[in-house]
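Here is the structure we will look at.
From a predicted model like this one, the values you see are computed outputs, not experimental measurements. Values below: every heavy atom of this structure, side chains too, minus hydrogens, waters and symmetry copies.
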Amino acid sequence: MPQDEPQPASRRRTRLYALTDGRTALPHTVLTMDTTITAAVADDARAGLPTEWQEILAMCAAPGGRAVAEIAARMHIRLTPMTLLLGELADRGLIHHRSPLAAAETTDVHLLMKIRDSLARI
C-alpha cells in the first residue's frame, strides 16, 4: 500500500462532532468539493493531533495536495462532514486551500485526462 494511502482503521475513530468542536456550519472557510487542500504543517508538528487529522495531513502533503472530494472518498467520510472537518483544520492553520481552476484553465485535454486517470485509480 502506498505511503499516502490511509491505513485501514482497526481502531475506534473519533466522532466528527468532537473533531470539529461541535460545529455544523463554517462561516469563515468556504470549501467546495473541488477545492485543493495542502498540508500547512511539517510531519513532526502533527504528533499531538487526532488520528483523522494526521491522516488528512499525510495524504495532502505539499506541493500537490488533494481535492476535498478525493479526501472524503479516501477517508470514507461523506462530503458535508468532510468540508466541516477541513474547515476546522483551515481555521486552525493546519491546511492551505486553493479554489478550483477557472473555466479557461480546465480546457487542457491532457490535464482532464490525467484527472480522469487519477480518479479511476481510487
Review point. So how far is it from Thr80 OG1 to Leu85 CG, rounded to the nearest 0.5 Å?
Key: 12.5 Å
Check your understanding: Would you say Ile95 and Cys60 make side-chain contact, with heavy atoms under 4.5 Å?
Key -> no
Point to revise | Side chain to side chain, Val68 and His97, heavy atoms closer than 4.5 Å | key: no
Check your understanding: Shortest non-hydrogen contact from Ala40 to Gly93?
Key -> CB-O, 3.6 Å
Check your understanding: If we only count heavy atoms from C-beta on, is the Leu49 to Leu94 side-chain gap below 4.5 Å?
Key -> yes
Review point. Arg98 and Thr35: which non-hydrogen atoms are nearest, and at how many Å?
Key: O-CG2, 3.3 Å
Review point. For Ser118, what residues pass the side-chain hydrogen bond (donor to acceptor under 3.5 Å, both in side chains) criterion, not counting sequence neighbours?
Key: Arg121
Revision key, fill the gap. Scanning both residues in full, the closest heavy-atom pair of Ala67 with Met33 reads CB-O, 3.9 Å
Practice item. Indicate yes or no: at least one non-hydrogen side-chain atom of Leu89 is less than 4.5 angstrom from one of Ile37. Key: no
Practice item. Could you walk me through whether Met82 and Ile56 pass the side-chain contact (heavy atoms from CB on, under 4.5 Å) test, one step at a time? Key: CA-CA 10 Å; Met82 181 53 71; Ile56 291 169; 4.1 Å; yes
Check your understanding: Shortest non-hydrogen contact from Ala39 to Leu57?
Key -> CB-O, 3.6 Å
Point to revise | Distance in Å, Arg78 CZ paired with His76 NE2, rounded so as to fall on 0.5 Å steps | key: 13.5 Å
Review point. Rounded to the nearest 0.5 Å, what separation is found between the CD1 atom of Ile71 and the OG1 atom of Thr83?
Key: 11.0 Å
Check your understanding: What is the minimum heavy-atom distance between Met59 and Met75, and which atoms define it?
Key -> CE-SD, 3.6 Å
